Amino acid sequence: MRMVDLIEKKRDGYELSTEEIHFIINGYTDGSIPDYQVSALLMAIVFRGMSERERADLTLAMVESGEKIDLSQIRGIKVDKHSTGGVGDTTTLVLGPLVAAAGVPVAKMSGRGLGHTGGTIDKLESVKGFHVEIDKDEFIELVNRNKIAVIGQSGNLTPADKKLYALRDVTATVESIPLIASSIMSKKIAAGADAIVLDVKTGAGAFMKTLADSRELAQAMVSIGNNVGRRTVAVISDMRQPLGFAIGNALEVKEAIDTLKGEGPHDLTELCLTLGSHMVYLAEKAGSLAEARTLLENAMKDGSALEKLKVFLSSQGGDASIVDHPEKLPQAKFIYELEAKEDGYVAEMVADEIGTAAMLLGAGRATKDSVIDLAVGLVLRKKIGDQVKKGESLVTIHSNFENINEVKQKLYENIKISSRKVTAPTLIHEVSGTM
């Protein structure tokens, strides 16, 4: 088998066999196939695409290139959740305790963030003492006992995907549905999930800007999941504006606490209940999505979801008293209000640019070596469709430095006020996958 023949085959629009795909991935992982040949193949895939079978084969080949997490000792059906990214995406902090309170085992492998705010682990480390440095045996024991634990990502998970992603980044081949879908699903499958719920974002603050592209990605990932034996559902949710109100690590932890109390932002609460209902249903803890939603709503009302958060935090060394006393979370030195310059209605909030404003404060990482300030960030006071009066606060800015002119300018440029009434965007666009 020669790589040049396989490049030519895909260039001419033919399908690669299972054996050919494994030959390519194994050869690239061990270094016997060079970057320049794989670059040529990736570009051929961008133009020619891949069949459902090819996508599933590519995903499994990447899974088999490294370590696979065995969660078989954890009792019950393990359902993982993945978001394609966004601004103010606090869902994991809410969903973990919420679905665990409904009896679903949450064995979460998370990473640190590179972008607007920290990743799930960074956010959780806003809680004094919390740590993810636990071994696999303790991880499994915690999930069996408490139904929830979070561990850091393994360094040897899907090494082929890491190499391919780095190459795609410098060869203009990132934006290919088969390659994006296989990359995401390989990590979820290697992490040991029995079923997968995907939150595919769409809009200005998302990787996929249009509903059509988001739908294509969602369907591709669902197809891969089902073809490799994982029940998979994709929910397409809106990212024309940040999710919830808080953007920033400690601020998002506080918002998660409020949401678990049933006092959180409407959009964050609704998305968590939608995603969580699918997780509970796939875990066979409810006979229908309606029954699953009722279980989750009850867990918010009766305090069991909040209690599960306390158990989760304390079991991994965290100070669980922050749940009742969120003022113990890291606090910024300065708080400023971004005042509206005119009367009207909020017509546009460019999510990714607002996220960049939070990063300018120190809430996220511009590079992997950047140090995150856990205390800083933004709290939105208005969302698209809300009426606003001149002088009213649009955003509360939590900062550890006094000169925030650049941040304010960025926010004013990306929050547009209209004299005409504006309709709030639809939050949940559609669902595809197993029912």
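Every value quoted in this text rests on a predicted model; they were computed, and no experiment measured them. What you see below is based on every heavy atom in this structure, not just the backbone, and it leaves out hydrogens, waters and symmetry mates.
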[X] and [Y]: which non-hydrogen atoms are nearest, and at how many Å?
| X | Y | value |
| --- | --- | --- |
| His429 | Thr426 | NE2-O, 3.5 Å |
| Arg240 | Ala347 | NH2-O, 4.4 Å |
| Ser65 | Ile25 | CB-CG2, 4.5 Å |
| Ala283 | Ile77 | O-CD1, 3.7 Å |
| Met349 | Ile415 | CE-CD1, 4.0 Å |
| Thr259 | Gly264 | OG1-CA, 3.5 Å |

message: Let's go through Leu309 and Ile257 carefully: what are the C-alpha distance in whole Å and the side-chain angles of both, what is the deciding distance for side chain to side chain contact (heavy atoms under 4.5 Å, CB included) to 0.1 Å, and is it a yes or a no?
response: CA-CA 8 Å; Leu309 175 61; Ile257 294 167; 3.9 Å; yes

Donor-acceptor check, side chain of [X] to backbone of [Y], threshold 3.5 angstrom: yes or no?
| X | Y | answer |
| --- | --- | --- |
| Asn414 | Lys410 | yes |
| Lys128 | Pro330 | no |
| Lys147 | Asn144 | no |
| Glu54 | Ser51 | yes |
| Gln241 | Ile384 | yes |
| Glu216 | Ala212 | no |
| Lys209 | Ala204 | yes |
| Thr90 | Ala256 | no |
| Ser126 | Lys123 | yes |
| Glu255 | Ala246 | yes |

Interatomic spacing from [atom1] in [X] to [atom2] in [Y] - rounded to 0.5 Å:
| X | Y | atom1 | atom2 | value |
| --- | --- | --- | --- | --- |
| His82 | Thr91 | NE2 | OG1 | 10.5 Å |
| Glu64 | Ser186 | CD | OG | 11.5 Å |
| His398 | Ile404 | NE2 | CD1 | 11.0 Å |
| Ser182 | Leu58 | OG | CG | 4.0 Å |
| Lys10 | Ile24 | NZ | CD1 | 9.0 Å |
| Asp319 | Lys328 | CG | NZ | 5.0 Å |

Check the surroundings of atom [atom1] in [X]: do more than 12 heavy atoms from other residues, nucleotides or ligands lie under 6.0 Å from it?
| X | atom1 | value |
| --- | --- | --- |
| Lys136 | NZ | yes |
| Glu291 | CD | yes |
| Tyr14 | OH | no |
| Lys254 | NZ | no |
| Glu406 | CD | no |
| Glu175 | CD | no |

Matching residue for Asn298 among Leu295, Thr294, Leu296 - test: side chain to side chain contact (heavy atoms under 4.5 Å, CB included):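 Exactly one candidate clears the test, Thr294.
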
field: side chain to side chain contact (heavy atoms under 4.5 Å, CB included), paired with Leu243, selected from Leu427, Asp199, Val87
entry: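 The single option meeting the side chain to side chain contact (heavy atoms under 4.5 Å, CB included) with Leu243 is Leu427.
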
Pairs satisfying ring pair (Phe, Tyr, Trp, His ring centres under 6.0 Å), at least one member in residues 284-320, at least two apart: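 For residues 284-320: Phe130-Phe312.
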
Quick check: do [X] and [Y] have side-chain heavy atoms less than 4.5 Å from each other?
| X | Y | value |
| --- | --- | --- |
| Lys108 | Ile148 | no |
| Phe401 | Val376 | no |
| Val174 | Phe207 | yes |
| Val143 | Val106 | no |
| Leu6 | Phe23 | yes |
| Thr202 | Ser237 | no |
| Leu16 | Leu41 | yes |
| Leu313 | Leu124 | yes |

Using the test side chain to side chain contact (heavy atoms under 4.5 Å, CB included), find all partners of [X] that sit at least two apart in sequence or belong to another chain.
| X | value |
| --- | --- |
| Ile196 | Met185, Lys188, Ile189, Ala193, Leu198, Arg230, Thr232 |
| Lys187 | Thr158, Asp161, Ser183 |
| Gln331 | Leu329 |
| Ala181 | Leu217, Ala220, Met221, Ile224 |

- request: In sequence, state the C-alpha distance, the side-chain angles, and the governing distance for Asp352 and Thr356, and then conclude on side chain to side chain donor-acceptor pair (under 3.5 Å).
  value: CA-CA 6 Å; Asp352 50 355; Thr356 299; over 6 Å; no

Lys/Arg N to Asp/Glu carboxylate O, [X] vs [Y], below 4.0 Å:
| X | Y | value |
| --- | --- | --- |
| Lys383 | Asp267 | yes |
| Arg293 | Glu270 | yes |
| Lys301 | Glu297 | no |

- request: Let me see the working for Thr92 and Lys81 under side chain to side chain donor-acceptor pair (under 3.5 Å), right down to the final yes or no.
  value: CA-CA 8 Å; Thr92 297; Lys81 188 277 297 183; 3.0 Å; yes

query: Please walk me through it: do Asn249 and Asp122 pass side chain to side chain donor-acceptor pair (under 3.5 Å)?
result: CA-CA 7 Å; Asn249 300 280; Asp122 297 299; over 6 Å; no

- prompt: Taking the six-membered ring of Tyr28, is NZ or CZ of Lys163 closer than 6.0 Å to its centre and within 45° of its axis?
  reply: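 Yes.
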
field: salt bridge (charged side-chain N to carboxylate O under 4.0 Å, His left out) partners of residues 14-27, not counting sequence neighbours, each pair once
entry: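 Pairs touching residues 14-27 that pass the test: Lys9-Glu20, Glu15-Arg53.
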
- request: Would you check, one step at a time, whether the test side chain to side chain contact (heavy atoms under 4.5 Å, CB included) holds for Leu378 with Thr396?
  value: CA-CA 6 Å; Leu378 308 170; Thr396 300; over 6 Å; no

